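One structure is given here, and the rest of the page talks about it.
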Amino acid sequence: MKKIIELIKKEMEAAFAACGYEEKYGMVTLSNRPDLCEYQCNGAMAAAKQYKKAPILIAEEIIEKIKDNPIFSETEAVKPGFLNLKLSNHYVAEYLKQMETEKDLGCEKTKEPKTIMIDYGGPNVAKPLHVGHLRSAIIGESIKRIGLFLGHKMIGDVHLGDWGLQMGLIITELHKRQPELVYFQEEYTGEYPVDPPFTISELEEIYPTASQKSKEDASYKEEALAATYELQHGRRGYQALLQHILNVSVTDLKRNYQNLNVSFELWKGESDAQPYIPAMVEDMKEKGYAYLSEGALVVDVKEETDTKEIPPCMILKSDGASLYNTTDLATIVDRMKNYHPQEIIYVVDKRQSLYFEQVFRCARKTKLVEEDTKLTFLGFGTMNGKDGKPFKTRQGGVMRLETLLSDVNEEMLKKIKENQNAKFSDAPAKQAEKEAEETAKIVALSALKYGDLSNQASKDYIFDIDRFTSFEGNTGPYILYTIVRIKSILNKYVQSGKSLEAGELLPSASENEKALMLELAKMNQVIETSYEDLAPHKICSYIYDVSNAFNRFYHSTNILTEPVEAQKESYIHLLGLTKRVLETCIDLLGFSAPERM
Ligand code: ARG
């Protein structure tokens, strides 16, 4: 379905052409003076220069052409040459009626579907998820959903941090604690046990302990390095341990991501990229891209137009070891070979932006990707505490994601109970308690995700649990509250024996109703732009506008007590459409609404 702004533009272009001007001057924007008009066209001012004519004269000519056009209810030329436009109520209602019947509310699928990989996990095996992983999960999941909605093939990859010293550290510590384990017997050739020699909580304790010891004790670190080397060079027992570490860890990670309503198509890790390294490095050397600099193998990636120093991309250290870079490059090889993406999007902390610039340039230069493969870095800012510093626990440590989530759940439960006590004091206590807990979980997720997504991704933001969980203001719970309010009215209507399909949407009967209708009509445009700009915050600010418009309409209108049946039916259609718009949008943001709150 065409975007409403494009339909208006078409009319304006025709008017400019009919008056003898180039049709490009018919460009239309949303009004920046909503008190005066709904849409505006500033083309007369631009045309004035080309045609050497006073802009107001051109504007007046255009008005002559459009004043009887049924899509407008008011058209006005205002000095120096603005064209102020208001749409006819009938036209807007017809547009929404079509939206109602369309699949996906008139959001068209892209004409050029692409295969897009999106890298938005990056959790490290054996380490708990922490708030640093929260933003990539929330933002990446939303972008993936928006892309899918628009018809792209989106492949999310968790890209586990499962390679490097951390594995050697765990093996070393385990060896100290349980030297008798069969994994450590070099001469052993049999099968290894199926059950892991640790639980997830043991694993999560082993890693930090080992990491601490290696900092204090040089010989411990030597052992860990040696274990890492042996693991990476195929020692059987260690590889069996690695499998256990991965299995235990991934099970736990999946549960955590599931609680966030986040899922990945691929559970690959850094270790999966390792087999591609030798041939990749050989090729870079052979083609003359890589050269030795102070013993290390590097590829120059600076360009003439650079305004800042872009250091070379290091491929191998002087001892021949590979690096984080090497793994990311080899991962690109893996992705190109096995999934043929036209674009790879990385949703990673913006402090890694220079790093990714190097990796992307190196991948292009050494032709790991096709000429037209798009490599996109979506860097996000830091989640800060109320003190403006990176978010920490009260003790000053790194906050585990689970702890954060349960804090938000708890706070939400408190608010939901207060709210439900006020409303459903007659519900049986047990059932009410259970429902409140379920509801709190759903609403808490909206608080957390909306609190994050409503900010432009690249900006830092302050995690403010009181504000995020509030039912008022620009918050997830406010949006859900609006949806729940609509559901409740629709339920009452159905309970009174009426059908939601009865009647049809009529032209708006009030200013507030018109304002709501105009908001709803923007949906397809907003979603497309939010994808083009990789900006879920645009969907947030849109649904905030829709919710505000709805609540203004709700407070000024007697919906269920409306005496004229056809009018009441029309209101019900409008409510149904508002609900669908909001629900579609929150699904794209990665959360859902409960039945009541
Ligand atoms: N594991 C990394 C970390 O915790 C993040 C990985 C980001 N993705 C990537 N392809 N490098 O910092």
Side-chain angles (χ1 to χ4, degrees), residues 116-141 143-144 154-167 169-170 204 207-208 211 228 242 245-246 249-250 252-253 256-257 260 262 264-274 276-277 280 313-315 322-336 338-339 341 343-364 368-369 373-383 390-391 397-401 457-458 534:
I116 300 169
M117 292 193 80
I118 168 160
D119 181 319
Y120 65 105
N124 300 309
V125 165
K127 296 194 215 173
L129 279 178
H130 59 77
V131 299
H133 297 117
L134 182 68
R135 295 212 70 192
S136 39
I138 293 180
I139 299 167
E141 177 73 20
I143 289 178
K144 187 176 87 179
M154 305 294 287
I155 307 175
D157 182 10
V158 70
H159 196 66
L160 295 171
D162 61 355
W163 191 249
L165 184 61
Q166 84 221 52
M167 299 302 162
L169 284 165
I170 295 167
E204 285 181 357
Y207 173 73
S211 163
T228 311
L242 174 66
I245 299 173
L246 276 174
S249 220
V250 166
D252 186 61
L253 286 171
N256 269 283
Y257 278 119
L260 284 175
V262 168
F264 296 94
E265 283 59 42
L266 298 178
W267 277 80
K268 292 196 139 187
E270 295 177 355
S271 64
D272 292 299
Q274 305 309 315
Y276 296 96
I277 292 180
M280 178 184 84
C313 192
M314 203 194 282
I315 309 295
S322 59
L323 305 100
Y324 185 47
N325 294 354
T326 330
T327 299
D328 261 318
L329 289 165
T331 303
I332 292 178
V333 175
D334 179 3
R335 289 177 178 165
M336 293 306 292
N338 294 309
Y339 308 96
E343 181 174 5
I344 310 177
I345 304 174
Y346 294 80
V347 187
V348 180
D349 191 311
K350 73 175 176 205
R351 284 169 291 191
Q352 293 192 27
S353 77
L354 173 63
Y355 164 79
F356 274 101
E357 181 67 47
Q358 291 174 294
V359 169
F360 291 175
R361 285 187 184 190
C362 183
R364 267 191 204 298
L368 302 185
V369 295
T373 310
K374 223 169 135 189
L375 297 171
T376 307
F377 177 70
L378 177 60
F380 53 79
T382 311
M383 179 172 126
F391 193 81
V398 179
M399 174 75 106
R400 292 178 62 140
L401 196 55
S458 62
L534 299 181

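Both counts, for ligands and for their atoms, begin at 1 and track the order of listing. Just so you know, residue 1 is the first one in the sequence shown, and it goes up from there. All heavy atoms count here, side chains included; hydrogens, waters and symmetry mates do not. As the structure is a computational prediction, the values presented were derived from the model and not from experiment.
Between Tyr346 and Tyr355, the gap from one ring centroid to the other reaches at least 6.0 Å.
Closest approach of Arg335 and Asp157 over heavy atoms only: NH2-OD2, 2.8 Å.
With a 4.5 Å cut-off on side-chain heavy atoms, His159 and Asp328 count as touching.
Qualifying salt bridge (charged side-chain N to carboxylate O under 4.0 Å, His left out) partners for Glu270, counting only residues two or more places apart in sequence or in other chains: none. For the salt bridge (charged side-chain N to carboxylate O under 4.0 Å, His left out) test, residues two or more places apart in sequence or in another chain that qualify with Asp252 are Arg255. For Tyr120, the side chain to side chain donor-acceptor pair (under 3.5 Å) partners at least two apart in sequence or on another chain are Glu141, Lys144.
For a heavy-atom separation below 4.0 Å, the residues in contact with ligand 1 are Asp119, Gly122, Asn124, His133, His159, Tyr324, Asp328, Tyr346, Val348, Gln352, Phe356.
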